[in-house]
J.: 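Below: one structure in structure tokens.
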Amino acid sequence: MSQFRKTTSELFVRNNVTVPATGLEIDFFQDFPKVATTVKRLNGSAMNMFCLLGNTFGNYSRGKQDSFFKALFQEMNPGDLFLLGLGLRPSGGPAFSEQLNLLEKEYAVGEIFMRLGADDPCSRFSSKYDCASHSMIHSFERPDGSIQEMGYSKLFDSSEVLLALVNAGF
């Protein structure tokens, strides 16, 4: 036995796998087919992963959402992956208030980015669910009590999302 103790990090073997990836930021509706075709040529036979993260998808009309899904499906090859990130609205019932509390905590992280647009550094961030629009409303309350609206995030019912994907051919 050695007289020195090995550190914890020396007791583990780590195998790292590096996967090359590229990201493109595009206009969903105007540039998608052109960019998807170009990326396929650049990657050759590599698998593509199409990612739509965040709730920006909810800011578009239902017709634009459907056309995006259809264009995406036409551009995908077998083996390509699609990652859709969006917020689901609370389902109601006895857990409704608990779900709302979780939503408010989830969106509190966005305060970091939204604070860049706050016009008063002492404003208090607020994110509340609006049942009528099925959206999270983001705002800052200024020290004088007035409100600076920062926008909204549309929340979906899971059946809406599944139906849209099925209608597009997924």
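The figures here come from the full heavy-atom set of this structure, side chains too, leaving out hydrogens, waters and symmetry mates. Note that the structure is predicted; figures quoted are calculated from it, not measured.
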J.: Can you name the closest pair of heavy atoms from Lys128 and Ser126 and give their distance?
T.: CG-OG, 3.7 Å
J.: Does CZ belonging to Arg115 count more than 12 external heavy atoms closer than 6.0 Å?
T.: yes
J.: How long is the straight-line distance from CG of Leu84 back to CZ of Phe69, given to the nearest 0.5 Å?
T.: 5.0 Å
J.: Kindly write out the residues that satisfy ring pair (Phe, Tyr, Trp, His ring centres under 6.0 Å) with Tyr129, not counting sequence neighbours, or none if the list is empty.
T.: none
J.: Roughly how far, to the nearest 0.5 Å, is the CD atom of Glu104 from the CG atom of Leu102?
T.: 9.5 Å
J.: Which heavy atom of Leu88 sits nearest to which heavy atom of Asp157, and what is that distance?
T.: CD2-C, 4.3 Å
J.: On a heavy-atom basis, which atom in Arg62 and which in Ala164 lie closest, and how many Å separate them?
T.: NH2-CB, 3.7 Å
J.: Working to the nearest 0.5 angstrom, can you tell me the gap between Glu160 CD and His134 NE2?
T.: 7.5 Å
J.: Is there a continuous path of hydrophobic side-chain contacts, each under 4.5 Å between heavy atoms, that joins Leu72 to Leu165?
T.: yes
J.: Would a single hydrophobic cluster contain both Phe156 and Phe170, if residues Ile, Leu, Val, Met, Phe, Trp and Tyr are joined by side-chain heavy-atom contacts under 4.5 Å?
T.: yes
J.: Leu103 and Leu155: side chain to side chain contact (heavy atoms under 4.5 Å, CB included), yes or no, with the steps?
T.: CA-CA 10 Å; Leu103 275 172; Leu155 302 179; 3.7 Å; yes
J.: Could you state the interatomic distance from CE (Met114) to CZ (Phe125), rounded to the nearest 0.5 Å?
T.: 4.5 Å
J.: Starting at CD of Glu111, measure out to CZ of Arg124 and round the result to the nearest 0.5 Å.
T.: 11.0 Å
J.: Quick check for you: to the nearest 0.5 Å, what is the distance between Lys105 atom NZ and Ser127 atom OG?
T.: 13.5 Å
J.: How close do Ser123 and Phe140 get, counting heavy atoms only, and between which atoms?
T.: CB-CB, 3.7 Å
J.: Verify, without hydrogens or angle tests, whether Gln148 (side chain) and Gly117 (backbone) share a donor-acceptor contact under 3.5 angstrom.
T.: yes
J.: May I ask you to say whether Lys70 pairs ionically with Asp66, meaning some side-chain N is under 4.0 Å from a carboxylate O?
T.: no
